[in-house]
S.K.: 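Would you mind keeping the following structure in view while I ask a few things?
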2 protein chains.
Amino acid sequence: MLPEPVSRILLIDDHRLFNDALKSLLNEQPDLTICGQVFKASDAIHAVHRSSPHLILMDINLQGSNGIDLGKAIVSDYPTVRIIMLTMYNQPKLLDETRRAGLHGYLLKDAGTTELLRAIRDVLGGTTSFDTSVSSSPTPTDDPFGDRFASRLNLTFREVEIIALIREGLSNEQIADRIHLSPETVKTHRKNIHFKLGISKVTELVQFAIKNGI
Amino acid sequence: MLPEPVSRILLIDDHRLFNDALKSLLNEQPDLTICGQVFKASDAIHAVHRSSPHLILMDINLQGSNGIDLGKAIVSDYPTVRIIMLTMYNQPKLLDETRRAGLHGYLLKDAGTTELLRAIRDVLGGTTSFDTSVSSSPTPTDDPFGDRFASRLNLTFREVEIIALIREGLSNEQIADRIHLSPETVKTHRKNIHFKLGISKVTELVQFAIKNGI
DNA sequence: CCTACCATACCGTCTTCGGGGTATTTTTTA
DNA sequence: TAAAAAATACCCCGAAGACGGTATGGTAGG
């Protein structure tokens with residue numbers, strides 16, 4: 001019997017438990033092997049160099065630093081490596097960014113095992129895999145981010161998106177650049193957010209965001 | 001050979017992938033079995049009734065609704081059930097709440113597999129398991145240096161104190177009033193904090209504070 | 001005694017934020 | 001199709017923060 005070709009996968013995610021658990025999940029697949037796991041963005045490049053993976057599964061939120069930028073950096077150095085971004089947040093903008101960055105997949109962490117394995121095999125097979133449930137979110141008010149607080153507080157899609165960016169530490173100007181808006185518009189959204197949440201300071205906003213996992 | 005006693009575990013977490021992965025991780029343990037997984041808080045009680053688990057692993061952030069409250073509700077209905085809360089955030093406040101709610105464990109998601117298994121076995125064995133890396137600061141205001149971050153970053157007592165007040169959402173003026181300083185002095189401390197942490201914005205500071213449980 | 005460090009305090013300048021408006025276009029929904 | 005909601009954008013102004021200095025009194029350690 002011919003030896004089955006095995007694909008090496010590198011995990012990059014600062015949630016150790018998730019990482020470990022994923023590892024054990026993938027170990028059940030005979031044709032997939034974990035060649036490493038990394039918890040910090042700063043260790044990533046080194047790990048890629050050492051383990052030369054075929055595929056990287058990477059969280060988009062790597063403690064402050066942007067997973068997409070890291071992914072871009074990796075593919076520019078190692079063009080044969082394929083990368084799937086994992087994220088908790090259902091944001092078409094992030095999906096678009098991922099696609100535009102030339103990465104190969106985008107999957108929500110609340111996807112099922114089946115979806116994950118299919119995405120992995122698709123991407124290893126040379127195609128891309130972008131979670132369709134993200135781009136085709138039919139009614140934003142129904143369940144835009146899988147979170148209930150948004151509808152409870154009547155937050156719109158745009159507002160939640162901007163909260164997330166404020167939480168990341170971006171200024172109005174930077175947010176405007178990132179999502180292609182006028183800084184004035186960002187200010188308007190921000191005022192509405194403050195009104196809806198009944199707050200008046202960035203600090204309160206960041207605490208709200210973290211509390212609600214934005 | 002006597003049949004090994006097997007403990008039934010119920011997973012409650014809205015991150016499906018994490019859930020699945022955890023499942024596969026735990027399946028490697030012969031004495032632990034997953035009796036169910038639930039993604040929404042609203043399904044939890046029903047699942048507990050149906051599968052009567054010995055132990056519940058539960059995310060503290062269940063899409064908007066509070067995992068601690070849910071846990072409290074469960075133990076009041078099913079007093080023999082034991083519950084470990086999982087969370088991404090290193091907040092002594094949450095740990096305390098968990099403990100006061102009469103729940104049995106608190107574990108960070110960036111803990112390792114070993115910690116998880118030990119926590120599970122401890123809690124099943126009748127003791128509680130509260131992540132010491134969170135609670136290790138028994139008196140945060142008294143001794144912020146018990147935590148490594150303060151000494152690691154060369155933060156002084158005053159600086160840690162001011163970080164906490166900034167996190168609370170106070171302005172320089174309010175902080176000055178609170179601890180009887182000139183607002184200008186607060187600004188100076190603030191500059192030094194920014195320098196030591198390598199940051200430049202309040203938002204980053206708040207995130208640092210929450211991450212380190214200040 | 002000298003050095004290092006901490007806590008204290010002030011000054012000036014520039015940027016960003018907060019809060020008050022108003023208004024247009026697009027999308028959604030009733 | 002009309003009304004409502006969301007997203008876009010601009011104006012002004014005052015408050016607060018960010019960042020560059022400088023300086024002084026106290027205290028601990030070599």
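Labels below follow one simple rule: chain letters A, B, ... track the order of the sequence lines, proteins then strands, and each chain is numbered from 1.
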S.K.: Calculate the interatomic distance between A:Arg190 atom CZ and C:dT16 atom C1'; express it in whole Å.
M.R.: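 In whole Å, C:dT16 C1' and A:Arg190 CZ are 9 Å from each other.
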S.K.: Separation of B:Asn192 atom CG from C:dC5 atom P, in whole Å?
M.R.: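 It works out to 13 Å between those atoms.
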S.K.: Could you state the atom-to-atom distance from CG of A:Leu155 to P of D:dA6 in whole Å?
M.R.: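 Checked: the CG to P distance equals 10 Å.
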S.K.: In whole angstroms, how far is the P atom of C:dT8 from the CZ atom of B:Phe157?
M.R.: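 About 11 Å, once rounded to whole Å.
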S.K.: Check whether any side-chain N or O of A:Lys187 sits under 3.5 Å from a backbone N or O of A:Asn172 as a donor-acceptor pair, and report yes or no.
M.R.: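 Side chain of A:Lys187 to backbone of A:Asn172: no pair is present.
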S.K.: Can you sort out which residues in residues 170-189 of chain B have a heavy atom within less than 4.0 Å of DNA chain C? Ascending by number, please.
M.R.: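 The answer is B:Leu181, B:Ser182, B:Glu184, B:Thr185, B:Lys187, B:Thr188, B:His189.
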S.K.: So, is A:Thr156 near the phosphate of D:dA7, with a side-chain N or O under 4.0 Å from OP1 or OP2?
M.R.: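 For A:Thr156, the contact criterion (side-chain N or O under 4.0 Å from OP1 or OP2 of D:dA7) is met.
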S.K.: Closer than 3.5 angstrom, by distance alone: can the side chain of B:His189 be matched with the main-chain N or O of B:Glu159 as a donor-acceptor pair?
M.R.: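 No, the answer is negative, given that no donor and acceptor are paired below the 3.5 Å cut-off.
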S.K.: How far apart are the closest heavy atoms of B:Val81 and B:His104, and which atoms are they?
M.R.: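 What the structure gives for the nearest pair is O-CE1, 3.4 Å.
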S.K.: For A:Val202 and B:Lys191, take the nucleotide of DNA chain C holding the closest heavy atom to each; which residue's nucleotide lies nearer the 5' end?
M.R.: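 Of the two residues, B:Lys191 wins.
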S.K.: Take A:Ile162 and B:Ile199, find for each the nucleotide of DNA chain D with the closest heavy atom, and name the residue whose nucleotide sits nearer the 5' end.
M.R.: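 Taking each residue's closest nucleotide, the earlier one in sequence belongs to A:Ile162.
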S.K.: Could you give the CG-to-P distance, from A:Leu197 to C:dG19, as a whole number of Å?
M.R.: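 From A:Leu197 CG to C:dG19 P: 12 Å.
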S.K.: Please report the distance, rounded to the nearest Å, between CZ in B:Phe195 and C1' in D:dG17.
M.R.: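 Going from CZ in B:Phe195 over to C1' in D:dG17 covers 19 Å.
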S.K.: Contact between B:Val48 and B:Ile45 at the side-chain level, heavy atoms closer than 4.5 Å - yes or no?
M.R.: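 The answer is no, as the side chains (C-beta and beyond) never meet within the 4.5 Å cut-off.
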S.K.: So A:Asp77 and A:Ile74, side-chain contact (heavy atoms from CB on, under 4.5 Å) or not? Walk me through it.
M.R.: CA-CA 5 Å; A:Asp77 283 5; A:Ile74 292 176; 6.0 Å; no
S.K.: Which dot-bracket notation, 5' to 3', represents the base pairing of DNA chain C when pairs are defined as Watson-Crick or G-U with both distances under 3.5 Å, crossing pairs as [ ], and inter-strand pairs as |?
M.R.: ||||||||||||||||||||||||||||||
S.K.: For a 4.5 angstrom cut-off between non-hydrogen side-chain atoms, does A:Ser7 reach A:Leu124?
M.R.: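 Of all side-chain heavy-atom pairs linking A:Leu124 with A:Ser7, at least one is under 4.5 Å.
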S.K.: Taking atom P of D:dA18 as reference, at what distance in whole Å does atom CD1 of B:Ile193 sit?
M.R.: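 One finds 11 Å between P of D:dA18 and CD1 of B:Ile193, rounded.
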S.K.: Report yes if some heavy atom in the side chain of B:Pro53 is under 4.5 Å from a heavy atom in the side chain of B:Ile9; otherwise report no.
M.R.: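 B:Pro53 does not reach B:Ile9 side chain to side chain.
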S.K.: Please report, rounded to the nearest Å, how far the C1' atom of D:dT8 is from the CD atom of A:Glu161.
M.R.: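 Rounding to the nearest Å, CD of A:Glu161 and C1' of D:dT8 are 14 Å apart.
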S.K.: Backbone N or O of A:Ala47 within a donor-acceptor pair of the A:Ser51 side chain at under 3.5 Å?
M.R.: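 Flag set: sc A:Ser51 to bb A:Ala47 pair under 3.5 Å.
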S.K.: Indicate yes or no: does A:Arg178 engage A:Glu168 in a salt bridge with an N to O separation below 4.0 Å.
M.R.: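 Yes, this pair counts.
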